[in-house]
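Only one structure is covered here, and it is reproduced in the block below.
One is the number of the first residue; the rest follow in order along the sequence. Counting convention: from 1, in listed order, for ligands and their atoms alike. Not measured: the values here are computed from a predicted model.
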Amino acid sequence: MKLSLRPILWLVAGITLVTFALAYLEVRADEHRLLADLERSTAGAAERMQDDLPTQAKAGSREELQRLVQRLAKGEHVSGVALFDSQGISQALTPGMATQLAVPLSSLVKAKAESQGRGEFLWLEQSRVYVYVLPGQAAGRAGVLAVVEDASYIDAQKSRIWRDASLGVLLRVLLIALTALLVIRWSIVEPIKQTAQWMRALRTGGATKQMALPDGTLLEPLAKEVASFARSLDAAKETAAKEARLRETADATWTAEKLSAHVLKKLQGNRLLVVSNREPYMHRINGRTVETIVPASGLVTALEPILRASEGTWIAHGSGDADRTMVDEHARLRVPPDDPHYTLRRVWLTKEEEQGYYFGFANEGLWPLCHIAHTRPTFRAADWEQYQAVNRKFADVVLEEMEGAEQPFLLVQDYHFALLPRMVKKRRPEARVALFWHIPWPNPEAFGICPWQRELLGGMLGADLLGFHIQAHCNNFLETVDRVLESRISWERFSVQREGHRSVVLPFPISVDFAEPAPTPTPSNVLAAERAAVFAELGNNGATRLGVGVDRVDYTKGILERFCGIERFFEKYPVYLGQFTFVQIGAPSRTEIKRYHDLFDQVAAEAERVNARFQNGKWKPIVLRKWHHSHQEILPFYRAADLCMVTSLHDGMNLVAKEFVAARQDEQGVLILSRFTGAGRELRDALVVNPYDSEELADAIRLGLEMDTPEKKARMQRMRRVVKEYNIYRWAGNLISELADLRIEPPESTKAHARSGGGMGGM
Ligand code: G6P
């Protein structure tokens, strides 16, 4: 309260001072004006009387003179009039003036000497008068005229001004003090009190989120700062609480939060970098606007929590046509766009680089090489040149982003960057580098047809940790290294020792987000409505049973084989004609490569062929949707389907199978799954098939459609348990754990140096 009074007192003092100063100036000006008026009017009255005096006063007796002065005073409305002789002896006075006017004789004498009028203010008893003395032409007894005027009204006026000023000051002071008190109370004291309460609640762990902060007041900027400080504090508290919970429930389901806490602990403040060809956010021009696209890939779900937790950097090819417009001068931008938490560093590639490295070597060479899907790999020296150059380009960017970081972590993704781990490790041996290979690794014979297998293996073995989806791929890799390179392989520890560097090779089965904690189950009537909407979207062709397939249109996915299986199904089980429809969602992919372009047309032609064979009215066996669908758009199809078909000819894992299982909250639906997928090893309750065997596919479709509800439920429950437990967060968590816990040995050259006693240690 003291604090709030002080400014008011200063304000009051200031106002009083200013008001009185103004009043003083006013009084002075008024007084001068009134005095001047009085002097002028008195002198005027005296002059007029003087004009009449010579004739009237000449022969007058004292009585006559006495009457004369009374008349003159009355005529001019003055307070008094007196006549004196030239010696200053009074001859006649208006009544009441005799004694008072005895004093000013000196002035009368002076006036006579000067022979002109002269005025003077005199104090008579308690009040002021103005006396104007005028020597006349008339000689003798009444030669000098004195006119007296009362000046006390001037002092009364002065007092009135002072009184008004004082009253004004009092009123203003009261008003201002009151207003200031209210303003201070509402705008400062109350908000401060509220903020203090809020901060106290925060400190003591009260319900801060429900309490509103002062808003729109003087304290708003402060409140905003405090609010953001509180949020950080809240987040820190929450993380601490989460960590505590995690310690208690070490084996509970992995979630994005658990992964974040885990990553923070494992990184111990070190910088984290991710490299992939495909970027997590792409900017594309759409008419006059720029749209943000999240490419359909499980990778963003898996890696984003890690990058968020570590505020890390994701390095990727900037392939969107509006990508350059969205970055700063270092080709960086903060993402996710609506809640930025980490950095995306875009790498620009020329058309030739993209052609040779991505379309050429990666997708026409390595992709078919690693997938045993009967598409011949194409190896061109020019593509290999670009592959090396682009790996070098990315490595330079990685090294630049690692600058100043003590022991950075690097997670390299996929077959686009086989050479990058070695390039980075050569320059930063203390960095922890992992390479995760998202596609299968074939047997040594198959891999052996690659003309640059030694270089590829050497590049990969620069990594401290090499990850594949399944153990069989790890084994294939170790066998390939064993055949091709001089190295020491430990089959107990699954590691390769080469040129003084050790690489550990482990399986990490990738997965999907299982949406934990589980949302409230969708009521069955809502699911039924959703299913009806899906049938309506497919044209309400009379079918009551639905199958679904979701793929990039890629020859490894076995889409044509799937259609063969469907054709065989209708041949074998014609009762399903008109009853069962299969919807194939096929996103165009890598269509600049002839093989993919042709396949896209083949898939459409094959669907048409099968449809033409069985179509009846509106109903047709296959509905082909040949465009990209977001995850949200695919979900209703997953939930409405009686069965989902994954018939890859070869697949590292296949996340569609797991997405279908994760979507089936109703514990219904049947999964038909190729035995050549990584997922086939985990989802044993799927109907596991050989996609090349159309008889088997046809029977699996029938089995799926006729399976009784309890069995479907039991199978789906078991598969859901697997996907829930081994979800994407666990994948990422395990990868980071393994990488963080590895012993990074100093490079051979450093050891040799140490042995010879060189370096700082010898000093
Ligand atoms: C596979 C690869 C990924 C790749 C994805 C899509 O899953 O393992 O690295 O991103 O296909 O292919 P694209 O060539 O369009 O990136």
Side-chain angles (χ1 to χ4, degrees), residues 274-282 284 293-304 314-320 323 346-347 349 353-371 373 375 383 387 390-391 394 411-418 420 434-442 460 466-470 473 508-512 550-559 585-597 599-600 627-631 634 646 648-659 676-679 728 731 735:
V274 167
V275 179
S276 73
N277 173 67
R278 193 59 72 200
E279 53 186 340
Y281 297 93
M282 185 192 277
R284 275 217 199 124
I293 289 178
V294 181
S297 157
L299 218 54
V300 183
T301 322
L303 296 176
E304 205 151 69
W314 187 324
I315 301 162
H317 172 207
S319 54
D323 274 1
R346 286 175 169 154
V347 179
L349 299 182
E353 284 172 333
E354 193 182 5
Q355 186 56 48
Y357 137 84
Y358 171 75
F359 289 114
F361 196 77
N363 285 316
E364 286 191 279
L366 288 178
W367 180 269
L369 176 75
C370 291
H371 288 92
T375 289
D383 291 348
Y387 186 82
V390 171
N391 269 249
F394 271 82
L411 302 181
V412 185
Q413 307 298 318
D414 234 346
Y415 59 99
H416 309 90
F417 298 112
L420 190 137
L435 167 63
F436 190 79
W437 199 260
H438 288 258
I439 62 176
W441 191 273
M460 291 173 77
L466 280 155
F468 295 91
H469 288 301
I470 57 174
H473 298 157
F508 299 92
I510 203 165
S511 191
V512 294
V550 179
D551 307 86
R552 274 186 309 106
V553 179
D554 191 300
Y555 50 83
T556 61
K557 303 295 179 185
I559 302 171
I585 293 174
S589 174
R590 307 172 192 166
T591 44
E592 288 188 35
I593 298 172
K594 188 170 182 306
R595 177 75 176 91
Y596 283 84
H597 183 268
L599 178 74
F600 198 69
W627 63 91
H628 171 81
H629 290 58
S630 69
H631 185 64
I634 295 169
V646 174
S648 306
L649 307 182
H650 200 185
D651 219 331
M653 173 53 67
N654 192 287
L655 292 181
V656 168
K658 293 188 175 180
E659 272 173 13
F676 306 124
T677 59
I728 187 71
W731 173 82
L735 195 66

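Near Arg278, with a cut-off below 4.0 Å to any heavy atom, the atoms of ligand 1 are 13 (P), 14 (O), 15 (O), 16 (O). Applying the 4.0 Å criterion to heavy atoms of His416 picks out, from ligand 1, the atoms 9 (O). Counting atoms of ligand 1 from 1 in the listed order, those under 4.0 Å from a heavy atom of Ile439 are 8 (O).
With no hydrogens or angles considered, no side-chain donor-acceptor pair links Tyr357 and Asn391 at under 3.5 Å.
For ligand 1, none of its N or O atoms has an N or O atom of Asn277 under 3.5 Å away. Polar contact with ligand 1: absent for His438 (N/O pair, distance under 3.5 Å). Residue Ser589 has no N or O atom closer than 3.5 Å to an N or O atom of ligand 1. Every N/O-N/O distance between Asn363 and ligand 1 stays at or above 3.5 Å.
Checking side-chain atoms of Asp414 against main-chain N and O of His416 turns up no donor-acceptor pair under 3.5 Å.
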Checklist line | Verdict with reasoning, Tyr281 to Arg346, per side-chain hydrogen bond (donor to acceptor under 3.5 Å, both in side chains) | finding: CA-CA 10 Å; Tyr281 297 93; Arg346 286 175 169 154; over 6 Å; no

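Taking the six-membered ring wherever Trp is involved, the centroid distance between the rings of Tyr596 and Trp367 does not fall below 6.0 Å. Residues His469 and Phe436 place their aromatic rings such that the two centres sit under 6.0 Å apart.
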